[in-house]
Protein chains: 2
Amino acid sequence: MTAIPQRELNRLAKQRRILDAALSVFAAEGYSGTSMDAIALKAAVSKPTLYQYFGTKEQLFTEIMLAERNTMLLAFDHPGTDMVAELHSFAWHYADTVMRPEFLSLARLIIGEAQRFPEIGRAYQAAGPDRVLAGMITYLTRQRDAGKLTFDDAELAAEDLWGLILSAPRNQALHLPDRIPTRAELARYIHNGLRVFLKAYATDPARDLAQLQTITGTK
Amino acid sequence: MTAIPQRELNRLAKQRRILDAALSVFAAEGYSGTSMDAIALKAAVSKPTLYQYFGTKEQLFTEIMLAERNTMLLAFDHPGTDMVAELHSFAWHYADTVMRPEFLSLARLIIGEAQRFPEIGRAYQAAGPDRVLAGMITYLTRQRDAGKLTFDDAELAAEDLWGLILSAPRNQALHLPDRIPTRAELARYIHNGLRVFLKAYATDPARDLAQLQTITGTK
DNA sequence: TAATAATTTTACTGATCGGTTTAGTAATTA
DNA sequence: TAATTACTAAACCGATCAGTAAAATTATTA
């Protein structure tokens with residue numbers, strides 16, 4: 001049996017508890033609005049212990065935010081035989097991820113502190129949007145090479161797809177935390193976004209739009 | 001000659017000075033990160049005077065944010081004979097407004113404090129995006145009635161136009177305060193956004209796209 | 001000029017902040 | 001069991017916070 005010292009297990013568990021507590025408090029109150037006492041209380045840890053694990057408030061904050069970026073990546077990995085179905089699947093997967101309340105809280109926190117912590121804004125941009133965009137570019141380019149899409153600038157095409165599907169509900173959700181879009185509303189945005197995207201970028205829009213109808217089942 | 005008492009003039013001037021100072025400090029430091037001393041210092045006003053004008057920090061903040069919404073509205077009032085030219089003019093006008101550093105700082109502030117001050121988020125949504133959207137809907141509907149556009153849902157069409165033109169650069173700018181898009185980059189987004197929009201929504205895309213080329217002067 | 005209204009200065013409250021110290025207790029290790 | 005390590009509770013530090021009180025000073029009015 002592998003011998004992992006109990007000490008280390010406790011330490012890691014406690015560290016995780018602190019990180020979770022700190023993230024939730026930071027997300028709810030902002031950086032300046034969060035007190036280390038509040039974090040210690042929520043983590044069920046004494047304040048000196050908190051300071052032993054993470055030297056300062058700023059260190060704890062940056063560490064937590066830079067660690068969090070790994071949880072928010074998601075690749076464009078929905079393989080299938082049909083492009084429209086793949087796009088539809090990706091759209092829903094991404095919407096479900098991005099529109100979760102905790103995810104929105106985190107985004108508000110990052111945006112709100114972007115001026116005070118530019119490195120965190122950069123890290124988020126690189127690990128979140130940029131990564132998703134890269135995956136989308138790869139996928140869209142492959143579809144273009146397969147003759148199903150047509151465009152000159154793959155980056156613009158990917159950004160268009162994103163903007164068509166999620167910009168409206170996400171921007172609204174950022175301003176209105178207590179008014180999270182229903183799945184029916186998301187479906188409306190996704191269906192419309194895909195429709196416009198295909199109409200503008202598909203080599204055979206008529207066929208793909210028909211396929212979209214059979215998938216979404218709308219009129 | 002009209003007799004406006006000097007007292008009131010001074011009062012209004014001082015009030016304006018306080019509001020300007022408070023807005024800049026709040027935008028730079030966030031709500032919790034801003035001290036009333038800092039505002040008083042920047043406004044060149046004593047703290048008791050500050051408190052005499054605005055009872056509490058929270059009152060000052062909400063008052064300032066609810067007042068600010070009037071400056072950020074802009075109507076879709078770019079009349080002309082050519083739809084493509086009008087859309088192009090609107091796109092630039094709106095981009096120039098929305099991508100200004102102070103405007104972005106304000107947006108970051110509102111988003112960052114949306115959970116603590118839901119009313120401010122609501123007011124901003126109603127006075128900013130919703131108002132612009134209403135103007136766009138009116139305009140697009142008129143163009144549809146004139147036979148130049150085709151769509152079922154005017155709201156979705158307006159949101160698509162917005163998302164195609166500004167969602168990518170704006171989202172990026174929200175995360176990266178020190179990396180504001182150049183006018184060339186904005187031109188790229190605007191040209192591409194209008195192109196995709198016309199391709200998906202124009203009744204005669206070929207003609208409108210040609211017109212777009214002559215306006216933007218690109219290849 | 002005399003009266004008055006507004007503002008400033010200065011100092012102060014009580015609370016909270018980030019961060020530390022101390023003294024003592026519980027858990028792990030050997 | 002004994003030594004060690006990690007932890008807790010509590011008080012504490014200096015600084016800063018929102019907000020107030022009082023007295024001195026300035027500007028406006030009549």
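Worth knowing before you read on, the calculation uses all heavy atoms, side chains too, and leaves out hydrogens, waters and symmetry mates. Labels below follow one simple rule: chain letters A, B, ... track the order of the sequence lines, proteins then strands, and each chain is numbered from 1.
- Picking from C:dG18, D:dT20, C:dT8 the nucleotide with the shortest atom distance to the side chain of A:D37 gives C:dG18.
- For A:S35 and C:dC17, the shortest distance from a side-chain N or O to OP1 or OP2 is below 4.0 Å.
- Under 4.0 angstrom from either OP1 or OP2 of C:dT7 there lies at least one side-chain N or O belonging to B:Q52.
- As judged by a 4.0 angstrom heavy-atom cut-off over every strand, B:Y53 is placed among residues touching the sugar-phosphate backbone only.
- Both tests pass for B:R11 against the ring of B:Y53: distance under 6.0 Å to the centre and angle within 45° of the axis.
- Ranking C:dT9, D:dA18, D:dT8 by closeness to the B:S46 side chain, first place goes to C:dT9.
- In this structure, B:K14 reaches the sugar-phosphate backbone alone: every heavy-atom distance under 4.0 Å involves primed, P, OP1 or OP2 atoms, never a base.
- When distances run from any side-chain atom of A:R11 to the nucleotides C:dT7, C:dG19, D:dC7, the shortest one goes to D:dC7.
- Nearest nucleotide to the B:K57 side chain, out of D:dA18, C:dG18, C:dT20: D:dA18.
- If you take CD of B:E58 and C1' of D:dG19, they are 14 Å apart, rounded to a whole angstrom.
- Using a cut-off of 4.0 Å between Lys/Arg side-chain N and Asp/Glu carboxylate O, A:D96 and A:R183 are scored as salt-bridged.
- Counting non-hydrogen atoms under 4.0 angstrom, A:A44 reaches the backbone sugars and phosphates but no base.
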If you write DNA chain D from 5' to 3' in dot-bracket form, with Watson-Crick or G-U pairs under 3.5 Å, [ ] for crossing pairs and | for pairs with another strand, what do you get?
||.||||||||||||||||||||||||.||

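- Note on A:N10: every side-chain N or O is 4.0 Å or more away from OP1 and OP2 of C:dA27.
- The six-membered or imidazole ring of B:F117 lies near that of B:Y31, with a centre-to-centre distance under 6.0 Å.
- For B:T56, the side-chain atoms get nearest to D:dG19 when compared with the rest of D:dG19, C:dG19, D:dC17.
- One atom, CG of A:L9, and another, P of D:dA6, lie 14 Å apart when rounded to the nearest Å.
- For the pair B:L60 CG and D:dG19 P, the interatomic distance rounds to 10 Å; values are reported in whole Å.
- Residue B:K47 contributes atom NZ, which lies 8 Å from atom C1' of D:dC17 at whole-angstrom precision.
- With D:dG19, C:dT20, D:dT8 as the choices, the nucleotide that has an atom nearest any side-chain atom of A:Y51 turns out to be C:dT20.
- In this entry the distance linking CE of B:M36 with C1' of C:dT16 reads 17 Å, nearest Å.
- Residues A:M65 and A:Y124 fail the side-chain proximity criterion, which asks for heavy atoms closer than 4.5 Å.
- In this structure, the side chains of B:Y201 and A:K199 stay at 4.5 Å or more apart for every pair of heavy atoms.
- Separating the CG atom of A:L41 from the C1' atom of C:dC17 is a distance of 16 Å, rounded to the nearest angstrom.
- At a threshold of 4.0 angstrom between heavy atoms, the contacts of B:T34 are confined to the sugar-phosphate backbone, with no base atom among them.
- A salt bridge is defined here as a Lys NZ or Arg NE, NH1 or NH2 lying under 4.0 Å from an Asp or Glu carboxylate O, and B:E58 with B:R116 fails to meet this definition.
- Between A:S32 and A:P48, the residue anchored closer to the 5' end of DNA chain C is A:S32, taking for each the nucleotide with the nearest heavy atom.
- Within a 6.0 Å radius of CZ in B:R100, other residues, nucleotides and ligands contribute more than 12 heavy atoms.
- One atom, CD of B:Q59, and another, P of D:dA18, lie 14 Å apart when rounded to the nearest Å.
- Listed nucleotides C:dT7, C:dG18, C:dT9 differ in distance to B:T49; the shortest reach to its side chain belongs to C:dT7.
- Using cut-offs of 30° and 60° for the angle between ring planes, the B:W92 and B:H88 rings count as perpendicular.
- Rounded to whole Å, the distance from CD1 on A:I39 to P on C:dG18 is 8 Å.
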